[in-house]
Amino acid sequence: MHFMTALADAWRQHDSLLCVGLDPDPARFPAHLKGRPDAILEFCTGIVDATADLACCFKPQIAYFAAQRAEAQLEALIDHIHSRHPAVPVILDAKRGDIGSTAEQYAIEAFERYRADAITLSPYMGRDSVEPYFAYPDKGVILLCRTSNAGGSDLQFLNVAGGAGEERLFERVARLVAEDWNASGNCALVVGATFPAEIARVRELTGDMPLLVPGIGAQGGDIEATVKAGRSAAGTGLMISSSRAILYASQGEDYAEAARRAALATRDAINAHRQG
Ligand SMILES: O=C(O)c1cc(=O)[nH]c(=O)n1[C@@H]1O[C@H](COP(=O)(O)O)[C@@H](O)[C@H]1O
């Protein structure tokens, strides 16, 4: 199924714009999991099973698996999600970016090795660094636009218009993706919840293109401002992601139940502002 179809179905079926991020950090695991060789898979499976009906997508961050030599556990986790929670698409947060021949290998990694439904990419190297992912017509391609970190402004706020014009780099990226790269309707953009004015600007530039919005919870982004700035006319159009605030709601044996409570509260806080 096309990523965008799966996403729209999940928005509706789960009445949710919440993306549950999976950034497993063994230093923050509950004691009963510490030291287990499969702790990362066990921890993430507990989170996934406790929150799947509250989520529109899951977003494992590859660095947290690769740093712990847990790539096989990432494969197993995505397989678990697809088999046990097939209604919830998986975004592999890898932020890849390289020349075409290398990008082809990254696409094989994401879509064939890990069987992810979408991938995050950096647009910094331009169109030919993104095109290899379009060879997988059903997969989502999610490009960094205005990132949630303060340092994002170093480049993303540069004025790239000629003469007396004014167009910041993140606006140019949004327009380029919406007007050119998104020919197959499989693209989305990343805009941080820490910058709601820029969410509104990107929404203005991209119509109903889905936006992946990290930065609530641990990074302090405001949910109401985020939803009001980024919601589409239909009250969807957003994958608002939260990782640490959900994953580590408790560091005890009740971590999965606590994660569910945090996910439910976040989903409902988002839903309170989807209309009107
Ligand atoms: O691509 C991302 O998901 C991403 C983009 C961005 O601008 N900011 C950002 O924090 N993220 C990711 O979102 C996750 C952090 O989420 P929190 O734990 O909720 O702050 C990490 O995996 C980041 O890599």
Side-chain angles (χ1 to χ4, degrees), residues 3 7 17-29 40 43-44 47 51 54-68 70 74 77 89-97 106 110 114 116-124 130 133 140-157 169-170 173-174 177 187-199 201-202 210-223 226 229-230 238-251 255 258-259 262-263 265-267 269-270:
F3 170 71
L7 178 63
L17 306 185
L18 174 65
C19 169
V20 174
L22 300 169
D23 299 6
D25 175 358
R28 303 186 69 176
F29 284 1
I40 286 180
F43 176 79
C44 290
I47 295 288
T51 62
L54 302 173
C56 68
C57 53
F58 284 114
K59 183 172 71 74
Q61 194 348 301
I62 197 167
Y64 285 85
F65 295 85
Q68 303 293 331
L74 176 54
L77 174 64
V90 178
I91 299 169
L92 182 65
D93 183 9
K95 299 188 181 68
R96 297 305 191 208
Y106 278 140
Y114 290 115
D117 302 294
I119 186 172
T120 55
L121 299 177
S122 169
Y124 192 67
V130 174
Y133 302 87
V141 172
I142 306 175
L143 293 137
L144 298 176
C145 183
R146 206 279 174 258
T147 56
S148 68
N149 61 315
S153 303
D154 297 350
L155 297 176
Q156 297 157 23
F157 264 42
L169 178 58
F170 82 89
V173 169
V177 174
C187 293
L189 292 169
V190 175
V191 192
T194 41
F195 298 98
E198 282 74 49
I199 294 176
R201 180 64 181 135
V202 170
L211 304 179
L212 172 61
V213 184
I216 62 166
Q219 295 181 55
D222 181 82
I223 289 178
T226 292
L238 295 170
M239 300 166 270
I240 300 175
S241 71
S242 182
S243 305
R244 289 166 289 180
I246 291 173
L247 299 180
Y248 309 113
S250 163
Q251 293 196 208
Y255 79 95
T266 306
R267 183 202 65 170
I270 292 168

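Ligands are counted one by one from 1 in listed order, and the atoms in each one are counted from 1 as well.
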message: Can you classify the ring geometry of Phe195 versus Phe157 as parallel (below 30°), tilted (30 to 60°) or perpendicular (above 60°)?
response: tilted
- prompt: Numbering the atoms of ligand 1 from 1, which are under 4.0 Å from a heavy atom of Asp93?
  reply: 1 (O), 2 (C), 3 (O), 12 (C), 22 (O), 24 (O)
- prompt: Below 3.5 angstrom, do we get any N/O pair linking Tyr64 and ligand 1?
  reply: no
message: Which of the numbered atoms in ligand 1 are under 4.0 angstrom from any heavy atom belonging to Thr147?
response: 7 (O)
query: Which residue holds the protein heavy atom closest to atom 19 (O) of ligand 1, what is that atom called, and what is the gap in Å?
result: Ser243 N, 2.9 Å
- prompt: What atoms of ligand 1 come closer than 4.0 angstrom to any heavy atom of Gln61?
  reply: 22 (O), 24 (O)
- request: Apply the side-chain contact (heavy atoms from CB on, under 4.5 Å) test between Leu143 and each candidate in Val190, Leu212, Val130, Thr120; give the one that qualifies.
  value: Val130
message: For Ile240, run the side-chain contact (heavy atoms from CB on, under 4.5 Å) check against Ile216, Leu18, Thr266 and tell me which one passes.
response: Ile216
Atom indices of ligand 1 within 4.0 angstrom of Ser242 heavy atoms, with elements: 19 (O)
- request: List every atom of ligand 1 that sits less than 4.0 Å from any heavy atom of Lys59, numbering the atoms from 1 in the order shown and giving each element.
  value: 2 (C), 3 (O), 12 (C), 13 (O), 14 (C), 22 (O)
- line: Note: heavy atom closest to atom 8 (N) of ligand 1, options Gly215, Ser122, Ser148, belongs to Ser148
field: Criterion side-chain contact (heavy atoms from CB on, under 4.5 Å) on Leu247 and Arg28, from CA distance to verdict
entry: CA-CA 9 Å; Leu247 299 180; Arg28 303 186 69 176; over 6 Å; no
field: Sole residue of Val90, Leu77, Leu74, Ile40 in side-chain contact (heavy atoms from CB on, under 4.5 Å) with Leu22
entry: Leu77
field: OH (Tyr124) with more than 12 external heavy atoms under 6.0 Å
entry: no
- prompt: Only one of Leu238, Thr147, Val202 clears side-chain contact (heavy atoms from CB on, under 4.5 Å) with Val191; which?
  reply: Val202
message: Give the atom numbers and elements of ligand 1 that come within less than 4.0 Å of a heavy atom of Asp23.
response: 14 (C), 15 (C), 21 (C), 22 (O)
- line: Nearest heavy atom to atom 11 (N) of ligand 1, choosing from Ala63, Pro214, Gly220, Gly21, belongs to Pro214
query: Taking the non-hydrogen atoms of Ala245, is any one of them nearer than 4.0 angstrom to ligand 1?
result: no
- prompt: Of the listed options (Arg244, Lys95, Gln219), which comes nearest to atom 10 (O) of ligand 1 when hydrogens are ignored and any heavy atom counts?
  reply: Gln219
task: Let me know which of Ile91, Leu17, Leu211 forms a side-chain contact (heavy atoms from CB on, under 4.5 Å) with Met239.
output: Ile91
